[in-house]
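Order of appearance sets the numbers: ligands from 1, and atoms from 1 within every ligand. Remember, predicted model here, so these are calculated numbers, not experimental data.
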Amino acid sequence: MAKVQLVLNAGSSSLKFQVFLDDGADVPNRIYRGLFEGLGTDPHFKVKDHDGATVGEQRWAGQTAFGFEEALAYLSDWLGAHRGGHQLAAVGHRVVHGGPHYTHAVELTPAIINELDTLSPLAPLHQPKSLEPIRIIARRVPGLPQVAAFDTAFHRTQPELAQMFAIPQSMTDAGVKRYGFHGLSYAYLATQFPKVDPRLTKGRVVAAHLGNGASLCAYDASRSIATTMGFSALDGLVMGTRSGSIDPGVVFYLQREMGMSAEEAEHFLYTKCGLIGVSGLSNDMRVLRERCETDAGARRAIDLFVYRINREFGSLVAALRGIDALVFTAGIGENDAETRAEVLRAAAWAGFELDPEANRAGATRITRGTGPQAYVIPTDEEWTIVREMRQVLSHTAVA
Ligand code: ADP
């Protein structure tokens, strides 16, 4: 039986997973990637091998009682039976919030799981979901090493001022501060800088993670010094369904004048705003691109998305006191040449010169000239998780 390491990423109704050989190789050897989606409504399991061929698929139509517990049991059986069987050596989890103190991944113990649960008020929609599979596995397979890798951890190198709001110190000390997210993606990109262009490693770089969630991160010599997401993953850029930065006065207005409860206002800002709210059409950039020639709402949503990126980009360039490179990643950043072109044209003030052919062709470098350069680097959060897990477990083994 091949020993494998499993990486899990739990969403509100989905469980994404990837499986890596536990072979001690420097470059993680990924053998499967897949997901359960529609958990709690119409569960569906699909898994592909390294070459992208579907090697497993199953539906449980209408089985609303099929959740994480059932999904993990099914996955464990599937791994045990598939291609001669796989034995789980460890599980790594994407955990949204590591609070102010977790600067690296950590091996989970019952005490640490409870401590992470105390951070749930900081990310009520995401943290409990991250912890659910961890608890299920701890119960089902008590001796199996589990590691949490945090979306906030990469940003803990930021200067104190970049992490503060202008509120009394006692509240900052109580944890009301800017944490930042998408850290597993930004950590991965930093590992790719030396391969893409060695000058990035020591340079001033802004990365744009543009997916359903979207944010920017400013790196000085590969370390995060500022980011657009703050206390929550609601802050910063326009996103698929989230508003991004909004005057806090609007939140009071929603409650006082529009009769929303705190939970309703939160739900509204997370799920009914952003690209879908502005366009009235879709949160999917592909749909907006198809319709933007004829649909004013689609055009306005895209224009606001790009406008806000340029505004926030300017703020990060100010924090870096200059800019050497801009990196695009995630669903929109990797695939949508139009958005990249619009962002780079808007950022001409910073000296970027778009190379339209390279951009359309999907090249790694998409600018020319002597000014700052722009690159496209596909992200890989699971790769960061498995690498961090291996570091943590090897240290534990030595200690
Ligand atoms: P998540 O944050 O859920 O991981 P992704 O990184 O997968 O999101 O990004 C999803 C976004 O990427 C969606 O808006 C989708 O429309 C967009 N996207 C994916 N492929 C393309 C494409 N070929 N052209 C334009 N947008 C794309």
Q: With sequence neighbours left out, write down each residue that passes side chain to side chain contact (heavy atoms under 4.5 Å, CB included) with Asp324, or none if nothing qualifies.
A: Arg204
Q: Using side chain to side chain contact (heavy atoms under 4.5 Å, CB included) as the criterion, list what pairs up with Ala341, not counting sequence neighbours.
A: Arg345, Leu354, Asn359
Q) Around ligand 1, what residues show up once you keep those with a heavy atom under 4.0 Å from it? A) Gly211, Asn212, Gly213, Asn283, Asp284, Met285, Arg286, Ala330, Gly331, Ile332, Asn335, Asp336
Q: Kindly state whether the ring of Phe150 and the ring of Tyr102 have centres lying under 6.0 angstrom apart.
A: yes
Which donor-acceptor pairs under 3.5 Å do side chains of residues 127-134 form with protein atoms, sequence neighbours excluded?
| unit_1 | atom_1 | unit_2 | atom_2 | d |
| --- | --- | --- | --- | --- |
| Gln127 | OE1 | His97 | N | 3.0 |
| Gln127 | NE2 | His97 | O | 3.0 |
| Gln127 | NE2 | Leu116 | O | 3.2 |
| Ser130 | OG | His126 | O | 3.2 |

**Q.** From Glu70 atom CD to Trp60 atom CH2, the distance as rounded to the nearest 0.5 Å
**A.** 10.0 Å
(Q) Looking at every non-hydrogen atom in both residues, tell me the closest pair between Asn29 and Asp23 and how far apart they are. (A) ND2-OD2, 3.6 Å
